[in-house]
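In what follows, a structure is listed as structure tokens, so that the remarks can point back to it.
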Amino acid sequence: MLGVSFKNDTGDLRNTPVAGVVEALRAQGCAVRLFDPLADAEEVRARFGIRPTATLEDAVDGAHCVAVLAGHRPFHDLDLAVLRARAAHPCLVFDGRRYFPKADIEEMRRLGLRYRGIGR
């Protein structure tokens, strides 16, 4: 999961909808990694019961799904080739914020990543 705050470009975890997603995935036996460069690591651990990864690369390393759940500015420059190289194959990129522009979606597909977005 990239971004765990309730609002883009903040580290505020109050009422974050990501909590329900994490709980549902863990209840189904999924291993979940969290990364949010704007949220306090100890607050993330306390809220989710998971220590966040230190880097985006650690979060996506070997991942079968990368869910972008906050459209933080640091994610605007996501290197899709690096994502493809580090993630498992196949890998689904789930865009929960309608963040990725059409050109990026086409590039993901060209690289062999699967893309699904809310409202797309």
Side-chain angles (χ1 to χ4, degrees):
M1 306 254 170
L2 303 184
V4 297
S5 63
F6 85 98
K7 184 177 174 187
N8 296 343
D9 294 321
T10 76
D12 193 342
L13 301 179
R14 291 175 297 161
N15 300 315
T16 178
V18 176
V21 176
V22 170
E23 289 169 16
L25 289 171
R26 291 177 80 190
Q28 293 299 311
C30 295
V32 176
R33 281 180 261 163
L34 307 172
F35 175 72
D36 192 315
L38 304 179
D40 179 77
E42 283 306 310
E43 286 182 30
V44 171
R45 187 201 54 74
R47 176 69 178 97
F48 296 96
I50 302 170
R51 181 165 298 285
T53 63
T55 66
L56 184 141
E57 292 80 10
D58 289 341
V60 303
D61 197 30
H64 294 276
C65 178
V66 175
V68 181
L69 298 180
H72 297 332
R73 282 190 185 95
F75 300 151
H76 290 206
D77 297 323
L78 186 62
D79 187 327
L80 299 174
V82 169
L83 173 62
R84 172 59 194 101
R86 296 198 65 119
H89 187 72
C91 179
L92 170 69
V93 176
F94 177 77
D95 182 354
R97 293 289 185 138
R98 289 186 31 158
Y99 159 76
F100 291 100
K102 193 172 192 171
D104 285 354
I105 295 167
E106 290 171 2
E107 178 67 3
M108 282 183 222
R109 291 183 173 142
R110 188 189 69 72
L111 290 168
L113 296 164
R114 296 178 180 169
Y115 174 86
R116 294 291 180 269
I118 300 292
R120 296 209 181 207

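Here the structure is a predicted model, which means the values were calculated and not measured.
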Would [X] and [Y] show up in the same hydrophobic cluster when neighbours are defined by side-chain heavy atoms closer than 4.5 Å?
X	Y	answer
Phe94	Phe48	yes
Val21	Val32	yes
Leu92	Ile118	no
Ile50	Leu13	yes

Considering only heavy atoms from C-beta outward, does the side chain of [X] approach that of [Y] to under 4.5 Å?
X	Y	value
Arg114	Met108	no
Cys30	His64	no
Phe35	Val60	no
Leu56	Leu78	yes
Leu80	Val93	no
Arg84	His89	yes

[atom2] on [Y] to [atom1] on [X], rounded to 0.5 Å:
X	Y	atom1	atom2	result
Ser5	Asn15	OG	CG	12.0 Å
Thr10	His72	OG1	NE2	6.0 Å
His76	Asn8	NE2	CG	7.0 Å
Ile105	Asp95	CD1	CG	6.5 Å
Leu34	Asp58	CG	CG	13.0 Å

Heavy atoms only: give me the nearest [X]-[Y] pair and the separation to one decimal.
X	Y	answer
Ala59	Arg33	O-NH1, 3.3 Å
Pro52	Ala41	CD-O, 3.6 Å
Ala81	Leu111	N-CD1, 3.8 Å
Ala87	Ala63	CB-O, 3.6 Å
Asp9	Pro74	OD1-CD, 4.4 Å
Lys7	Arg97	N-NH2, 4.1 Å

Could Arg109 and Glu106 be called an ion pair, given the rule that one side-chain N must be under 4.0 Å from one carboxylate O?
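No, Arg109 and Glu106 are not salt-bridged.
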What I want to find out is whether Glu23 reaches Arg26 closely enough, with some N-O distance under 4.0 Å, to be called a salt bridge.
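No, no charged N to carboxylate O under 4.0 Å.
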So with a 6.0 Å cut-off around CD of Glu42, is the heavy-atom count from everything else above 12?
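Result for CD/Glu42: enclosed.
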Is the backbone N or O of Phe100 less than 3.5 Å from a side-chain atom of Tyr115, with the two atoms forming a donor-acceptor pair by type?
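No; judged by distance alone, with no hydrogens or angles, the pair does not exist.
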Can you tell which of Val4, Leu69, Leu2 makes a side-chain contact (heavy atoms from CB on, under 4.5 Å) with Asp36?
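Single side-chain contact (heavy atoms from CB on, under 4.5 Å) partner of Asp36 among Val4, Leu69, Leu2: Val4.
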